[in-house]
Protein chains: 2
Amino acid sequence: MKREQVTIKDIAIELGVSISTVSRALSNNPLVKPETREAIQKLAKEMNYHPNFTALSLRQRKTRTIGLLIPQVVHEFFAQVIRGIEDVAYKQGYNVLISTSNESYDREARNAEELLNGRIDGLLACITKETSSIDHFEEYVSREVPLVFFDCVPDDILSDKIVIDDMDAGFKATEHLIKQGCTRIAFIGGPKALNTNQERLLGFENALKAYGLPVDKKMILHGTSGKYEEGLELSRALFSGDIIPNGVFAATDMLGIGAIKNVKEAGLQVPTDVAVIGFSNWEIGAIYEPGLSTIDQRGYELGKIATNRLLDRIHSDHQLPVTTKVIKTTLIQRGSTSRL
Amino acid sequence: MKREQVTIKDIAIELGVSISTVSRALSNNPLVKPETREAIQKLAKEMNYHPNFTALSLRQRKTRTIGLLIPQVVHEFFAQVIRGIEDVAYKQGYNVLISTSNESYDREARNAEELLNGRIDGLLACITKETSSIDHFEEYVSREVPLVFFDCVPDDILSDKIVIDDMDAGFKATEHLIKQGCTRIAFIGGPKALNTNQERLLGFENALKAYGLPVDKKMILHGTSGKYEEGLELSRALFSGDIIPNGVFAATDMLGIGAIKNVKEAGLQVPTDVAVIGFSNWEIGAIYEPGLSTIDQRGYELGKIATNRLLDRIHSDHQLPVTTKVIKTTLIQRGSTSRL
DNA sequence: TTTGCTTTTGAAAACGATTGCATTTAGATA
DNA sequence: TATCTAAATGCAATCGTTTTCAAAAGCAAA
């Protein structure tokens, strides 16, 4: 019953002036006489006036809100990205509307569709593992609604993309293992179809080749979830083969920790018998024993850069050229690969 | 330039009918002639029409959006809560607007103020560690804007609250240590002022008393962050005192793991020499060695219950009585306390 | 006073939808 | 053909703002 907001009209009636004058007074428009302005501003404060966001959005045809489409929130990487996004968005007076697809393609498509209803000024998106078709993003492109992809990005779409250099990171991780004296290095990764995963694998293979080591398909295993339990399983498979690796590059930290756990259970020493490096730099890797060497995925920076790009696009009055920004990663060495 | 959304008016002009007819046709109003309706719906689809969210919100005076005010996203507990919230909200056609305060009271107050501008239909809030004054929530109460607090809730506000039974949980955790044969039990916790922390401590003390064990103030230490490093430090302080504990109840999992790490470094065995139990049931606790016994904080349920309550309030046409719901926790036993 | 200028104010349209009410149209009946 | 009724459509107000344009008010100069 009392839910009604105080409006500009209430103030106008109270003071016996017109709506326009109140509007002007509140925006400090010099057209209105100082005394009037002060009286209006005083009353507005007293009445607890808050300008109605929806009316403003409709009138100005912008919502000061950016959409964020991600597979999941319960994920250290995305949490970092969100923090980066919010830090930038916030400073520029933007809010963030998060839409989670729960790794479901259908939900992603529905969410993307729904966000086209004018409630956001632009969209930041990271596609799910299973996303193949990108029809649901085409209208953003054709209508020129600002759209920036980050991390997991579709190949064939004319849109800004911010990604980390997964191939380079894969190369660095593998090179690091080689330099630590590993000669039989295995790769355990996520879904084969995932482009970030492919890139990491490519970097892995390139490094082996660059250092004259053989690329053995039996030493390359793919999972689906990238989780701890999967790391355990893949590692078990790996260490029951005919060639026992002395180095493992895991495409996620949780896979890496699962691998270490299995190695320890198999009675082998990490890093002496087997060195393991992960990917992402999750907090757990620093605490686990031994500490997990890893690649820092720079989620926070990724979020910041993507948001800046999106806001540039939103604020630009002409159509900006489409760019792809590749961010370099850094390697973090911990106990799990320190053999020298 | 092409950013314009297709509006109902565009369709009306194209088909030479009135705006009202289009509106009715799109909402399947039986007043409009079947052929007209079909023609309109067909064209709407062809033209990629999406009803403008902002206009709809203004007209209907509701936004189908709920606000979420939390200290941080990068936190497994909040991530769980968010998932619970989204699952419920989503099913009922609501979106979630997340506002992060970064544990800053000022930012929390500003965010709360800002969300009063009519862009949300109701607010879910968890206050920060440092929040003392709750003025910024008073207007929600006086204007009867639906508001539900969860987890960290202010004492003196007439509003729904969903909390876990921290005292009971503290009691259970401590009782568990006692039943595992611990006789000198320490408590390491978060900020003294935090009500959840106080409750856990109270449960701790009650359990000691209930089992005839002395409450020694020297065995009760408070930190500020609840993080791993702090767990290490507090534990060091604890184990350099004159009485060495043989059980530790840590008010967060990260404190617990820090404590275990220190105990191990001190050359003691977990759980034989010292049993440790944490709080929250973070993923890391299941993976760490030894596995960390803990209290499951049920973030997902908390999120679901809070959202259901908020939506009830939003949908109710009369003012519902204010309630406080207390959720019981469950104890998860792992290696760190298994001494029998 | 009248004129002309500046300062200040107000009326009304617009943003994109919904909806109560009035009007038109079509078909049926007299 | 005229009248009545029901079906279909359109007009206009509304939601809360901003902003253009017109009008009023105040004041100085003629």
Side-chain angles (χ1 to χ4, degrees), chain A residues 3-41 43-44 47-65 114-121 143 145, chain B residues 3-41 43-44 47-65 114-121 143 145:
Chain A
R3 278 184 205 177
E4 310 300 320
Q5 242 185 305
V6 176
T7 73
I8 228 177
K9 193 176 165 190
D10 300 326
I11 300 179
I13 292 173
E14 186 81 13
L15 252 56
V17 296
S18 76
I19 288 180
S20 347
T21 303
V22 176
S23 171
R24 279 190 277 254
L26 292 174
S27 59
N28 284 315
N29 187 320
L31 276 182
V32 35
K33 186 158 61 171
E35 302 103 78
T36 321
R37 173 174 10 119
E38 274 150 34
I40 291 173
Q41 291 189 346
L43 185 63
M47 293 177 78
N48 252 317
Y49 168 77
H50 299 271
N52 183 288
F53 168 82
T54 308
L56 247 136
S57 299
L58 183 59
R59 177 65 226 244
Q60 326 231 355
R61 317 173 101 230
K62 59 186 180 198
T63 62
R64 298 224 132 231
T65 304
E114 205 204 300
L115 288 174
L116 265 173
N117 63 7
R119 69 175 307 177
I120 56 170
D121 293 345
R143 282 230 328 260
V145 178
Chain B
R3 277 184 205 175
E4 310 301 318
Q5 241 184 304
V6 175
T7 72
I8 226 177
K9 193 175 166 191
D10 299 326
I11 300 179
I13 293 173
E14 186 80 14
L15 252 59
V17 296
S18 77
I19 288 181
S20 349
T21 304
V22 177
S23 170
R24 280 190 276 254
L26 292 174
S27 58
N28 283 315
N29 188 319
L31 277 182
V32 35
K33 185 156 62 169
E35 302 102 79
T36 321
R37 173 170 14 117
E38 274 149 34
I40 290 173
Q41 292 189 347
L43 184 64
M47 294 178 78
N48 251 318
Y49 168 78
H50 299 270
N52 183 288
F53 168 82
T54 308
L56 247 134
S57 298
L58 184 60
R59 176 68 227 243
Q60 328 228 329
R61 316 174 102 232
K62 59 187 179 197
T63 61
R64 297 225 133 232
T65 304
E114 204 204 301
L115 289 173
L116 265 173
N117 62 7
R119 71 174 307 177
I120 56 171
D121 293 344
R143 282 229 328 260
V145 178

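Chain letters run A, B, ... following the sequence lines, proteins first, then strands; residues in each count from 1. Nothing here was measured: the structure is a model prediction, and the numbers come from that model.
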Please state how far atom [atom1] in [X] lies from atom [atom2] in [N], giving the value in whole angstrom units.
| X | N | atom1 | atom2 | answer |
| --- | --- | --- | --- | --- |
| B/Gln60 | D/dC15 | CD | C1' | 10 Å |
| A/Arg64 | C/dC15 | CZ | P | 21 Å |
| A/Ile40 | C/dG10 | CD1 | P | 9 Å |
| A/Lys62 | C/dC15 | NZ | C1' | 14 Å |
| B/Leu56 | D/dG16 | CG | C1' | 15 Å |
| B/Asn52 | C/dG16 | CG | C1' | 6 Å |
| B/Leu26 | C/dA17 | CG | P | 9 Å |
| A/Arg119 | C/dA17 | CZ | P | 15 Å |

Residues B/Gln5, A/Asn117; criterion side-chain hydrogen bond (donor to acceptor under 3.5 Å, both in side chains); working and verdict: CA-CA 8 Å; B/Gln5 241 184 304; A/Asn117 63 7; over 6 Å; no

Looking at side-chain heavy atoms only, is the closest gap between [X] and [Y] below 4.5 Å?
| X | Y | answer |
| --- | --- | --- |
| B/Leu26 | B/Arg37 | no |
| A/Tyr49 | A/Ile8 | yes |
| B/Thr65 | A/Arg119 | yes |
| B/Lys9 | B/Glu14 | no |

Sugar-phosphate only, base, or nothing, as touched by A/Tyr49 at under 4.0 Å among non-hydrogen atoms: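 Sugar-phosphate, no base atom in range.
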
Per-nucleotide protein contact string for nucleotides 5-13 of chain D, where B marks a base within reach and S marks sugar-phosphate only (heavy atoms under 4.0 Å, - for neither): ---BBBBBB

Donor + acceptor pair across side chains of B/Ser18, B/Thr21 (<3.5 Å): yes

